[in-house]
Peer 1: 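Structure incoming, see below.
All chains are named by letter (A, B, ...) in the order of the sequence lines, taking the proteins before the strands, and each is independently numbered beginning at 1.
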Amino acid sequence: MLKIRVIPCLDVKDGRVVKGVQFADLVDAGDPVEAAKAYDAAGADELTFLDITASHEERGTLLDVVQRTAEACFMPLTVGGGVRTVDDIRRLLLAGADKVSINTAAVTRRAFVREAAEKFGDQCIVVAIDAKKVSSGYPEKWEIFTHGGRNPTGIDAVDYAREVVSLGAGELLVTSMDKDGTKSGYDIALMRTISDAVSVPVVASGGVGSLDDLVAGVRDGHASAVLAASIFHFGTYTVAEAKAHMAAAGLPMRMD
Amino acid sequence: MTVAIIDYGSGNLHSAQKAFERAARESGHAAEIVVTADPDLVRRAERIVLPGVGAFADCRRGLDAVPGMVDALTEAVRRDGKPFLGICVGMQLMATRGLEYRTTPGLDWIHGDVALIRPHDGSLKIPHMGWNNLHPQAEHPLIADIPLGPSGQNAYFVHSYALTPADPQDVLALTDYGGPVTAIVARDNMAGTQFHPEKSQKLGLKLIGNFLGWRP
């Protein structure tokens, strides 16, 4: 049976791990390669690196960090942040990334998703969707925001999700910008609405504060994988505790 | 012992090389792991690994674009009987045909087609992405001493297409994703995994170690 994936996310800036509270007030908290090794040993099912400032500071992603991680951790690695061109993707894949996540570049130029998927295969193209709720009425509405949640685009998040999947995205990383950093749980309605609308796996992100939040992301949000940063990185819970809790709640987990 | 990982422009092979090096150390096999696009080196190697990510047709085109490589592979594997491991699309290329986007001829070492997975449960996502169990259909040195089955270890899959061998005896292990999906094929000196052993932590390193010691 296919297992639910638990994915620690390392937000990286200047070669160091940081975790922003709603993408502000960054707190330096460690060496990404060492953190990756620790998560590997702890049973993480995948790892994600997000170069969170690359998009607005015009920096490239951390190829050296990616390469050193890929040499030490024999598990899937997704890297995103500032990915704009087919060459950016090629460099990341050659450094050892298994999947590359595209965010702003897909919003500004949708054809980029198709070019990337045709060149490297659907399986390694993740589209990261940062969404904020813009209507609480029925039905609820979410809109795409770029640049760490600062720029509204007017694009409906669910329509956008369908479109990027039709263009070749093999997975969606969906982050609620309302919830990110709040520790109040995923935006379950957002996760479920997008997951039910597309054929590809959805990774839920943004807002995890407790282990029950992870369970809810899958059971109620219909996510195939759950991503979290702070709860793991600051040692609130271990990956093993998270997986044991999810298994106890009846979810299929890899306990190897 | 030289192990040739064939480089034909399909994805990152550096981390695969590192995984093979670690598996060699952990399993006590002295092996030089070489990533190469040189057909002569493939002919001289003792073991051959064909990786592959992306679409079947692109991988086939990439393999054909390396002058002399398909001939060298065929000699080493089919004539000289060297142990061979195909990984992901590298495994799919062992098939007769790939049906992804268009019909593309494979190497036809394992008779059968590579077709879209169609889970019985329509709510299951495609690609089949993540960790899943392996259900052995036979005994084989490649999977020796690895706890398999429903409560066994998991392997990392990421694929939308799968190889269904014409001869069920070529299936060494299945996985379950809304129905049986081929996870490992094996015939004579050839084996292939749909999953990525180089990304499958414990199970993967053990399987690679087993491959390095396999004497078909």
Side-chain angles (χ1 to χ4, degrees), chain A residues 1-7 40-41 43-47 66-77 90-99 117-126 165 168-172 195-196 198-203 222-225 243 252-256, chain B residues 9-23 52-56 58-59 88-89 100-101 119 122-133 135 146-147 150-161 175-178 181 196-205 208:
Chain A
M1 186 174 206
L2 185 67
K3 306 303 183 294
I4 301 299
R5 289 169 282 152
V6 172
I7 308 177
D40 187 22
D45 297 310
E46 277 185 40
L47 279 175
V66 172
Q67 179 156 353
R68 287 188 291 126
T69 302
E71 286 175 3
C73 299
F74 303 113
M75 62 189 308
L77 175 63
R90 181 180 291 111
R91 277 193 288 273
L92 285 167
L93 294 176
L94 286 176
D98 298 290
K99 296 186 267 187
E118 283 181 355
K119 187 78 200 163
F120 305 106
D122 297 8
Q123 82 292 333
C124 69
I125 303 303
V126 181
V165 169
E171 186 171 66
L172 302 179
S195 189
D196 290 354
V198 299
S199 57
V200 303
V202 165
V203 182
H222 299 176
S224 299
K243 292 174 76 167
M253 306 303 297
R254 180 180 70 110
M255 308 302 283
D256 301 0
Chain B
S10 178
N12 165 57
L13 301 180
H14 187 66
S15 57
Q17 181 183 23
K18 292 287 171 190
F20 274 76
E21 286 171 357
R22 179 145 138 197
V53 295
F56 189 102
D58 285 345
C59 286
C88 198
V89 183
E100 188 171 0
Y101 296 119
S123 74
L124 289 176
K125 302 289 193 173
I126 300 286
H128 172 220
M129 186 186 287
W131 298 84
N132 210 332
N133 299 106
H135 305 285
I146 302 178
S151 56
Q153 294 180 357
N154 292 270
Y156 186 79
F157 290 84
V158 49
H159 64 122
S160 301
Y161 289 75
T175 190
D176 177 34
Y177 194 60
V181 173
H196 287 270
E198 79 283 16
K199 296 288 168 188
S200 293
Q201 290 185 327
K202 262 179 255 171
L203 177 150
L205 291 172
I208 293 169

Peer 1: Please classify the contact of B:Gln201 with chain A as side chain, backbone, both or neither, using a heavy-atom distance under 4.5 Å.
Peer 2: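 Both parts, backbone and side chain.
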Peer 1: As an exercise: rank A:Gly170, A:Gly121, A:Pro252 by heavy-atom pairs under 4.5 Å with chain B and give me the winner.
Peer 2: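 Looking at each of A:Gly170, A:Gly121, A:Pro252 in turn, A:Gly170 comes out on top.
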Peer 1: So which of A:Ser199, A:Ser195, A:Cys124 has the biggest tally of heavy-atom pairs under 4.5 Å with chain B?
Peer 2: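 With the most close heavy-atom pairs to chain B, the winner is A:Ser199.
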Peer 1: Side chain, backbone, both or neither: which part of B:Phe157 has a heavy atom under 4.5 Å from chain A?
Peer 2: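 It is neither, since no heavy atom gets under 4.5 Å.
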Peer 1: Determine the option with the most heavy-atom pairs under 4.5 angstrom with chain B, choosing from A:Glu46, A:Met75, A:Gln67.
Peer 2: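 Ranked by heavy-atom pairs under 4.5 Å with chain B, first place is A:Met75.
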Peer 1: Which atoms form the tightest heavy-atom contact between A:Ile125 and A:Gly168, and what is the distance?
Peer 2: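 Nearest heavy atoms, A:Ile125 then A:Gly168: CB-O, 4.4 Å.
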Peer 1: How would you list, by chain and number, every residue that makes a salt bridge (Lys or Arg N to Asp or Glu O under 4.0 Å) with B:Asp58, sequence neighbours excluded?
Peer 2: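 Only B:Arg61 meet the salt bridge (Lys or Arg N to Asp or Glu O under 4.0 Å) criterion with B:Asp58.
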Peer 1: Do side-chain atoms of B:Tyr177 reach the backbone of B:Lys125 as a donor and acceptor pair under 3.5 angstrom?
Peer 2: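 Yes; at least one donor-acceptor contact below 3.5 Å.
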Peer 1: Which region of B:Leu205, side chain (C-beta onward) or backbone (N, CA, C, O), has a non-hydrogen atom less than 4.5 Å from a non-hydrogen atom of chain A, or is it both or neither?
Peer 2: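 The answer is the side chain of B:Leu205.
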Peer 1: At a heavy-atom separation under 4.5 Å, does B:His128 approach chain A through its side chain, its backbone, both, or neither?
Peer 2: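 The side chain, not the backbone.
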Peer 1: Where on A:Ala44 is there a heavy atom nearer than 4.5 Å to chain B: the side chain, the backbone, both, or neither?
Peer 2: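 Only the backbone of A:Ala44 comes within 4.5 Å of chain B.
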Peer 1: Does any heavy atom of chain B fall under 4.5 Å from the side chain of A:Ala225, the backbone, both, or neither of them?
Peer 2: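 No part of A:Ala225 comes within 4.5 Å of chain B.
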Peer 1: Identify the two heavy atoms, one from B:Met129 and one from A:Glu171, that lie closest to each other, and give their separation to 0.1 Å.
Peer 2: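 Scanning both residues, the minimum pair turns out to be SD-OE2, 2.9 Å.
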Peer 1: Based on non-hydrogen pairs under 4.5 Å, which of A:Leu77, A:Ile4, A:Asp98, A:Asp122 is most in contact with chain B?
Peer 2: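 Ranked by contacts with chain B, first place is A:Asp98.
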Peer 1: Among the options B:Asp176, B:Ile126, B:Leu124, B:Val89, pick out the one with the most heavy-atom pairs lying under 4.5 Å from chain A.
Peer 2: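 Heavy-atom pairs under 4.5 Å are most numerous for B:Ile126.
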Peer 1: I'd like to know if the side chain of B:Asn133 and the backbone of B:Asn154 have a donor-acceptor N/O pair within less than 3.5 Å.
Peer 2: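 No, because the side chain of B:Asn133 does not come within donor-acceptor range (under 3.5 Å) of the backbone of B:Asn154.
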Peer 1: With sequence neighbours left out, write down each residue that passes salt bridge (Lys or Arg N to Asp or Glu O under 4.0 Å) with A:Asp45, or none if nothing qualifies.
Peer 2: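 Once residues adjacent in sequence are excluded, the partners of A:Asp45 under the salt bridge (Lys or Arg N to Asp or Glu O under 4.0 Å) criterion are A:Lys243, A:Arg254.
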Peer 1: Between B:His14 and A:Glu71, does any side-chain donor sit less than 3.5 Å from a side-chain acceptor?
Peer 2: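 Looking only at side-chain atoms, A:Glu71 and B:His14 do form a donor-acceptor pair, the distance falling under 3.5 Å.
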Peer 1: Using a cut-off of under 4.5 Å for heavy-atom pairs, which of B:His159, B:Lys202, B:Arg22, B:Glu198 has the most such pairs with chain A?
Peer 2: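 Result: the option with the highest number of such pairs is B:Arg22.
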Peer 1: Over 60° means perpendicular and under 30° means parallel, so tell me whether B:Tyr156 and B:His196 are parallel, tilted or perpendicular.
Peer 2: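 B:Tyr156 vs B:His196 ring planes: tilted.
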